[in-house]
Amino acid sequence: MSGLAPASASSPPPLLSVRNLSIAVEGAGGQTVVDRVSFDLGEGGVLGIVGESGCGKSVTAMSVLRLNNPALRLRGGEILLAGEDLLRASEARIRAVRGGEVGMIFQEPMTSLNPVLAVGDQIVEAILAHRPIGARAAREAAIELLGLVGIPLPARRVASYPHQLSGGMRQRVMIAMALSCRPRLLIADEPTTALDVTIQAQIIDLLRRLQRELGMAVMIITHDLGLIADFAADVVVMYAGKVVERGATRDLFRQPLHPYTERLLASIPPLDRDVDRLTTIPGTVPSARTMPSGCRFSTRCPLAEARCRETEPPLRTMPGGRAVACHLVAEGRAA
Amino acid sequence: MVVSRLRPILEDKGAMAGLGVILLFCLMALLAPWIAPHDPTTQNVRDAFQGPGARYWFGTDEFGRDVFSRVIHGARPALMIGVFSVVLSVVLGMPLGMLAGFVGGRFDTAVSAVVDVMMSFPSLLLALMVVTLLGSAPSMVVLAIGISHVPVFVRLARSSTLVVRELDFVAASRSFGARTGHILRRHVMPNVIGPTIVMATLGIAGAIREEAGLSFLGLGIQPPAPSWGNLIRDGVNAILHAPTLALLPGLVLTASVLAFNIVGDSVRDMLDPHDIAAAAAKRDRAR
Amino acid sequence: MSVPAPLLEVHELRVHFALRATSPWQRSGTVRAVDGVSFTVAHGETLGLVGESGCGKTTVSRAVMRLLAPTAGRILLEGEDVGRLRGRALARLRPRFQMVFQDPASSLNPRMTVAELLAEPMQIAGRDAAQIAARIVHLLRVVGLDPEHARRYPHEFSGGQKQRIGIARALALEPRLLVCDEPVSALDVSVQAQIINLLKDIQAETGIGCLFVAHDLRVVRQISHRVAVMYLGEIVEQAPKAALYGAPRHPYTRALLSAVPQTREEGGGERILLGGELPNPLDPPSGCRFRTRCPIVRPECAANKPPLREIAPGHLVACHFAT
């Protein structure tokens with residue numbers, strides 16, 4: 001376990017610590033898309049951030065490298081990378097972090113790669129931006145990286161253009177680029193959503209191998225709960241911009257505490273048996289206009305009481321390191 | 001709903017100014033006989049080549065005709081030909097382009113080939129050929145300019161149709177058993193009409209310019225009837241000793257073309273959802 | 001007593017696309033997107049058609065819907081060959097088979113209100129206005145929407161609600177066959193479950209037959225009675241779902257199932273990681289098309305194409321070594 005609860009004074013600081021991050025749409029009365037989100041990721045750990053579309057998981061991930069749409073404004077909080085606040089770092093410093101200490105891969109590798117440059121040249125460019133080595137050495141390093149991410153015949157593939165590669169191969173190239181400076185943290189934002197299931201399995205297998213071999217921490221953002229169960233040691237569940245539950249993946253999947261997590265897990269169609277009716281979550285995620293003042297899930301929660309609609313439950317840490325934001329769970333009355 | 005869609009244009013000062021100028025020219029054309037201080041064709045040789053002044057605001061030409069009155073009356077052929085020729089191009093070009101884009105195959109290849117050939121010709125030259133063949137009655141000038149602009153609208157409608165054709169709501173309509181005509185009317189045309197309106201507004205500016213060009217060359221509106229083109233031509237003949245004769249009608253022509261262009265751009269911002277952000281930014285800057 | 005004709009019978013369907021090179025370094029040739037596919041769908045039954053992108057499953061659905069013309073083979077709907085019909089004769093049969101599309105954002109014309117969207121198929125079929133108005137109210141209730149919603153535009157709805165509108169429209173003509181092309185893949189998991197339950201309810205109520213095309217093996221299991229797995233334009237395995245998920249016989253089906261990320265409680269068996277990627281459809285492998293990625297490949301796989309043979313009642317497999 002990489003330790004999800006905020007670090008105490010005695011333990012070493014975590015690699016990445018997101019504390020009370022709040023982000024809102026620009027302008028007075030702009031919708032809050034991320035609301036006081038906190039979590040830690042230890043050196044070499046794997047953390048999953050999971051939630052449905054619009055829950056704020058991608059915005060949270062993009063904030064680490066300050067890559068969010070300029071219409072989104074930071075409202076508060078800090079993001080500490082080994083103790084250094086990235087949200088307040090200089091532009092030059094954040095550029096050094098991007099592709100240096102922190103690598104990132106995205107959902108659609110085709111739009112993240114320049115179509116008119118050979119993939120090798122793009123990796124060389126990424127290497128030269130951060131490492132003081134010559135062009136020839138950078139090219140050798142690029143070929144080595146392509147081999148590392150499992151691209152056959154890397155010495156030949158280095159001259160290929162993005163459109164000549166399949167989706168899976170392009171994602172491998174993106175991973176090679178992200179790894180070019182041996183980052184301590186890799187952020188993977190829906191890395192396999194655009195890929196077929198057999199290719200997805202290959203990519204996750206690759207990420208797992210790289211994480212182990214290079215001792216690199218991975219933060220994976222996905223809507224796919226199966227992927228989280230399969231890959232992440234710890235998980236943060238988000239709903240409508242807030243963390244509703246976080247903990248060790250194994251415990252959380254075995255015994256989800258928050259009613260949202262529980263229902264979300266139950267609505268996954270099982271692969272190993274037939275069910276007559278799938279569990280659903282009635283209604284839809286509230287919009288900015290219909291956002292309730294209390295618990296944000298209260299509009300869809302089967303257990304909601306009057307109090308849930310009035311006061312917002314804080315994220316409470318339970319024994320064993322699990323944290324849950326639910327009035328009823330706190331009193332031991334739910335799940 | 002309508003007001004909210006119109007808001008960008010209402011708050012765009014440039015577009016409002018352009019609309020004002022267009023309105024002014026429309027009134028001028030409509031009310032020309034009543035507001036013109038003199039008869040545009042009455043010759044008064046004793047007053048030839050008067051400079052601009054209190055009696056003749058824009059001065060007089062070689063026959064002593066009042067240039068200001070001639071400019072006011074010249075708005076009539078300019079606007080009429082501008083509007084009617086573009087209506088003709090749209091009526092011919094849009095359905096043809098939609099059909100070519102939707103049906104594809106040999107029909108599309110044939111239409112596109114003709115359009116390409118026509119586009120490779122300067123449109124003024126094309127209009128010149130038509131007028132030379134058919135004569136220069138105002139209706140023939142409309143025909144000439146209208147036909148020369150058809151390819152623009154064919155291309156525009158065709159390219160929009162190629163995009164819409166691939167959308168699933170077209171496939172859905174086909175799966176209900178809809179015929180091509182129904183799909184074109186119901187699903188394709190509403191998506192083609194927006195860009196076409198933009199192009200048409202810009203096209204009016206082009207047509208006014210071309211009418212002036214044809215008249216300048218003596219192939220448009222025939223003297224003594226005034227048109228901005230033949231006013232400028234007559235003025236150019238005397239440009240050395242009475243420069244205002246060409247200059248003032250030229251400025252009026254420029255103002256009208258500019259007005260249609262500005263309004264056309266603004267309509268594009270209004271109709272193109274991708275540019276809504278750009279339009280909002282433009283509005284903010286204007287404040 | 002003769003067996004009644006199935007609702008849909010697809011026999012040796014082929015859809016080939018001629019690919020013309022647009023530049024000198026491109027290859028031209030024929031893509032055999034669907035190459036000899038046969039299956040049936042009975043009244044009241046759902047056949048799941050699964051496979052990865054490029055396997056031809058969407059092409060099959062579009063051919064069945066006659067949104068594209070089959071190159072060869074027969075598509076029999078209640079015995080009538082819709083694969084060969086054109087024009088008015090085809091339009092007359094259209095009400096019997098309707099489609100739910102993948103992306104409701106693209107399949108619903110954004111300029112039409114819900115009422116106009118639902119009315120369109122009925123207007124084309126020549127229903128009268130009073131009948132149409134009544135049916136719109138009924139359809140909205142069936143898919144769990146408020147009849148008040150009829151005046152709104154698609155962009156005012158969430159993704160799940162849009163797909164409900166898409167389903168209502170597909171049901172407008174009371175079809176006997178519903179072709180669903182990835183109807184839930186654009187939706188979040190909790191909404192996905194709502195739509196699957198809705199489709200099952202509709203089937204239970206109307207006895208509609210369904211061809212359900214999807215890549216998500218979890219979704220397909222929960223909605224289908226039988227499942228066919230496609231690879232590179234061919235069906236490699238077809239079976240009742242219990243057999244297909246419980247005892248898959250084709251190595252591709254096994255790999256596909258093992259690649260689905262498992263939640264902890266499912267545990268999951270051993271993982272079969274397939275190497276490589278889908279071969280170029282312009283130049284498919286000789287013999288068995290799966291042999292280039294098959295974990296149990298043997299030399300004879302390159303020489304002989306395995307036929308789709310029945311190894312148990314209703315269980316068909318195209319592999320030399322399946323027993």
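Below, read A as the first sequence line, B as the second, and so on, with proteins coming before strands; counting in each chain starts at 1.
Interface summary for chain A: among C:Ile272, C:Asn197, C:Val189, C:Leu187, the most heavy-atom pairs under 4.5 angstrom belong to C:Asn197. Taking A:Thr284, A:Val275, A:Leu264 one by one and counting their heavy-atom pairs under 4.5 Å with chain C, the maximum is reached by A:Val275.
Contacts of C:Arg226 classified as salt bridge (Lys or Arg N to Asp or Glu O under 4.0 Å), with partners at least two apart in sequence or in another chain: C:Glu45.
Contacts of A:Pro152 with chain C are absent, with no heavy-atom separation under 4.5 Å from either backbone or side chain. Using a 4.5 Å cut-off between heavy atoms, C:Ile196 contacts chain A through its side chain alone, with no backbone atom that close. For C:Leu217, the parts lying near chain A are the backbone and the side chain together; criterion is any non-hydrogen pair under 4.5 Å. The parts of A:Asp274 that come within reach of chain C are both its backbone and its side chain, each placing non-hydrogen atoms under 4.5 angstrom from that chain. Using a 4.5 Å cut-off between heavy atoms, C:Leu257 touches chain A through backbone and side chain atoms alike.
Taking the six-membered ring for Trp, C:His250 and C:Tyr231 have ring centres at least 6.0 Å apart. Ring centroids of A:Tyr239 and A:His258 are separated by 6.0 Å or more, keeping the two rings apart.
Listed by sequence position, A:Glu52, A:Ser53 are the residues of residues 50-58 of chain A in contact with chain C, using a 4.5 angstrom heavy-atom cutoff.
Enclosure of atom CD in C:Glu205 is not indicated, since only 12 or fewer non-hydrogen atoms of other residues, nucleotides or ligands lie within 6.0 angstrom. In this structure, A:Arg156 places its CZ atom where only 12 or fewer heavy-atom neighbours from other residues, nucleotides or ligands lie under 6.0 Å away. Atom CG of C:Asp146 is surrounded by more than 12 heavy atoms from other residues, nucleotides or ligands within 6.0 Å.
Taking a cutoff of 4.0 Å between a charged side-chain nitrogen and a carboxylate oxygen, C:Asp201 and A:Arg277 qualify as a salt bridge.
Under a 3.5 Å cut-off, the side chain of C:Lys241 and the backbone N or O of C:Ser224 do form a donor-acceptor pair.
In this structure, a donor-acceptor pair under 3.5 Å is present between the side chains of C:Ser185 and C:Gln102.
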